[in-house]
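Just so you know, ligand 1 is whichever comes first in the structure, and atom 1 is the first atom listed for that ligand.
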Amino acid sequence: MKPRVITDGVLALGAIDWDRRLFDSLIPLPDGTSYNAYLVRGSEKTALLDTVDPTKREELMSQLAGVERVDFVVSHHAEQDHSGAIPDVLAKYPQSKVVASTKAKGMLLDLLDVPEERIVAVEDGGELSLGDKTLRFVYMPWVHWPETMVTYFPQDRILFTCDLFGSHLATSDLYADEERVYEPAKRYYAEIMMPFRRAITKHLEKVRQIDPAVIAPSHGPVYRRPAFIIDAYDRWVSAPPRNRVFLPYITMHGSTGRMVEHFVGALMERGVEVEQFNLADADIGKLAISLVDAATVVVGTPTVLGGPHPSVLNAAHLAAALNPKLRFATVIGSYGWGGKAAEQIAAVIERADIEVLAPVLCKGVPREADFAALESLARTIADKHREMGFV
Ligand code: FEO
């Protein structure tokens with residue numbers, strides 16, 4: 001990929017990773033991703049903002065082949081998908097320094113082979129003059145690591161936000177096609193940012209005060225209409241949950257499956273939205289997206305070795321770790337002769353602001369009384385959603 005012009009003196013560099021399908025050996029990437037770097041050329045100095053994943057270092061270095069000088073490498077975030085090629089850039093430009101937050105400096109020393117004297121720590125609100133251009137650094141910790149900062153370039157009102165507002169989306173478009181980017185951006189928020197909702201809320205206030213004309217993240221396309229992604233984040237972070245049940249389940253011999261089928265019908269009859277996921281082959285990114293808006297989680301599980309199916313337990317751990325806006329939780333399922341499936345799931349999901357409802361568990365195949373209990377549970381959930389004003 002050749003460097004692309006954003007404004008006079010500001011270039012988009014980096015790499016599109018069309019084929020990557022997994023991040024952190026955990027997160028599926030159905031749409032690939034990109035590692036964006038940006039070059040800002042002032043009358044006296046030049047700064048490179050972020051680098052790329054180490055697997056794409058050659059692509060970045062070929063983009064820099066015609067760039068005579070880089071004086072500063074701004075490292076917004078120490079994670080290797082952005083910092084991984086910093087040693088290569090420092091080797092090419094022996095006079096250059098890394099500019100990072102005070103906390104990032106220590107983390108970069110831990111993660112990369114970089115001499116300490118080549119890293120300059122900047123304070124929150126600090127500025128860097130490039131001659132006729134100035135960069136201003138704004139700390140935004142816990143997006144999703146504790147050291148993160150963003151860079152504002154006031155002359156052109158460009159805010160370089162690294163992971164914040166990013167999307168795992170490989171696309172040839174420099175600028176966001178809003179319809180196309182919405183789901184990858186929501187997936188990214190759900191997987192990476194949602195556990196840090198409180199911090200993100202504060203950062204959104206700061207971003208609104210800055211009032212950028214362009215938001216340039218380090219994954220996915222650039223936003224020329226920042227309100228699109230800022231408003232979306234506001235909804236995901238702060239809007240009340242929807243009248244929706246998130247229902248991950250596993251069935252082994254069909255009994256839990258029959259309960260899920262009946263229960264989903266009972267919820268639909270009462271006007272409750274449902275998103276049902278068979279965990280045998282579910283994309284955990286889709287699960288995370290569903291958790292952004294759901295008011296209730298109902299976990300469907302058979303009993304295995306005295307507890308929930310391991311795939312279900314895994315999904316419950318994920319739901320708890322992502323810190324969604326859930327308000328109610330319960331378990332439905334079937335058992336053969338006993339076990340503690342419901343208690344073990346509840347222990348994972350329990351949180352001060354989540355009410356755990358009575359589970360519906362049946363012995364063997366579900367019968368009339370079990371279906372009646374599922375109807376009752378669906379009625380309870382619909383009533384609670386209505387009382388809370390969820391729509
Ligand atoms: Fe894209 Fe947290 O690194």
Worksheet item: Short question: side chain of Ser255, backbone of Pro366 - any donor-acceptor pair under 3.5 Å?
Response: no
Atom 1 (Fe) of ligand 1 contact by His77, N, O or S atom under 2.8 Å:
no
Original post:
Does His82 bring an N, O or S atom to within less than 2.8 Å of atom 1 (Fe) of ligand 1?
Top reply: yes
Note to self: Using 2.8 Å as the threshold, say whether any N, O or S atom from Glu79 sits that close to atom 2 (Fe) of ligand 1.
What the structure shows: yes
### Query
Under 2.8 Å from atom 2 (Fe) of ligand 1, is there an N/O/S atom belonging to His144?
yes
**Item:** Between His76 and Phe160, ring centroids under 6.0 Å
**Value:** no
**Asked** Between Trp236 and Phe165, is the ring centre distance below 6.0 Å?
**Response** no
Looking at Asp163, the N/O/S atom that lies nearest to atom 2 (Fe) of ligand 1 is called OD2
Would you say the side chains of Asp50 and Tyr35 form a donor-acceptor pair under 3.5 Å?
no
Partner of Ile250 under side chain to side chain contact (heavy atoms under 4.5 Å, CB included), picked from Pro302, Pro310, Pro308, is Pro302
Taking atom 1 (Fe) of ligand 1 as the apex, NE2 on His219 and OD2 on Asp81 give an angle, to 10°, of 80°
